[in-house]
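These notes are about the structure you will find just below.
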Amino acid sequence: MAEELKINAAADKEARYHELIPQLQALTEGERDLTANMANIAAALKEVFGWWWVGFYLVKDNELVLGPFQGPVACTRIASGRGVCGTAWKERRSILVPDVNRFPGHIACSSASVSEIVVPIFNRQQEVAGVLDVDSERYDVLDETDVRFLEEIAGIIIQ
Ligand code: SME
């Protein structure tokens with residue numbers, strides 16, 4: 001496909017995910033390099049939804065290490081069970097945090113980020129290979145609809 005997204009910016013969130021997901025599949029199809037695919041997916045999500053920060057952490061030597069992302073600089077290493085990312089990894093589940101002030105142990109990479117979603121990425125052995133992290137500077141943006149579609153997108157990354 002042409003390296004350009006076609007999304008109806010006026011459509012609602014769910015419709016934009018429905019437009020975006022096949023384009024992400026086309027963009028990553030036939031490309032086995034994880035970094036290349038994560039970089040394009042982070043860029044696409046940032047372009048379509050305009051979130052404050054969107055990116056990946058990958059499990060390396062029993063830590064989460066910063067991977068491709070879009071947004072301000074972020075912390076580079078996160079231990080298992082620490083913050084939202086470390087908890088999603090340890091508990092092998094997606095976590096929606098509508099207000100980070102109410103999440104004990106939240107890692108404030110940026111004080112502008114007030115809500116977030118972290119979705120685990122599973123490899124073929126069903127181990128957590130990393131996480132997809134989305135942060136917003138608004139309280140009313142991220143919800144269960146995002147969790148559902150971000151889980152679908154996390155499934156595209158490891159083919
Ligand atoms: N907020 C995350 C840390 C990563 S950054 O926000 C990019 C957390 O608590 O896991």
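We count ligands from 1, going down the list as the structure has it; atoms in each ligand are counted the same way. Quick note: residue numbers are just sequence positions, from 1.
No side-chain N or O of Ser113 forms a donor-acceptor pair with one of Trp53 less than 3.5 Å apart. A donor-acceptor pair shorter than 3.5 Å can be found between the side chains of Ser94 and Glu151.
With Ile153 as the fixed residue, the side chain to side chain contact (heavy atoms under 4.5 Å, CB included) test singles out one of Leu45, Ile121, Thr28: Leu45.
With a 6.0 Å radius and a threshold of 12 heavy atoms from other residues, nucleotides or ligands, Lys13 has its NZ atom above the threshold.
Residue pairs meeting the salt bridge (Lys or Arg N to Asp or Glu O under 4.0 Å) criterion with at least one partner in residues 100-118, sequence neighbours excluded, are Asp99-Arg102.
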Using a 3.5 Å cut-off on N/O to N/O, what pairs does ligand 1 make with the protein? A line per pair would be great.
residue, atom, partner, partner atom, Å
ligand 1, 1 (N), His106, NE2, 3.3
ligand 1, 1 (N), Ile107, O, 3.1
ligand 1, 1 (N), Glu116, OE1, 2.8
ligand 1, 1 (N), Glu116, OE2, 3.4
ligand 1, 6 (O), Asp135, OD2, 2.7
ligand 1, 9 (O), Val84, N, 3.0
ligand 1, 9 (O), Ile107, N, 3.0
ligand 1, 10 (O), Val84, N, 3.0
ligand 1, 10 (O), Cys85, N, 2.7

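The structure places CD1 of Ile41 at 5.5 Å from CG of Leu24, a figure rounded to the nearest 0.5 Å.
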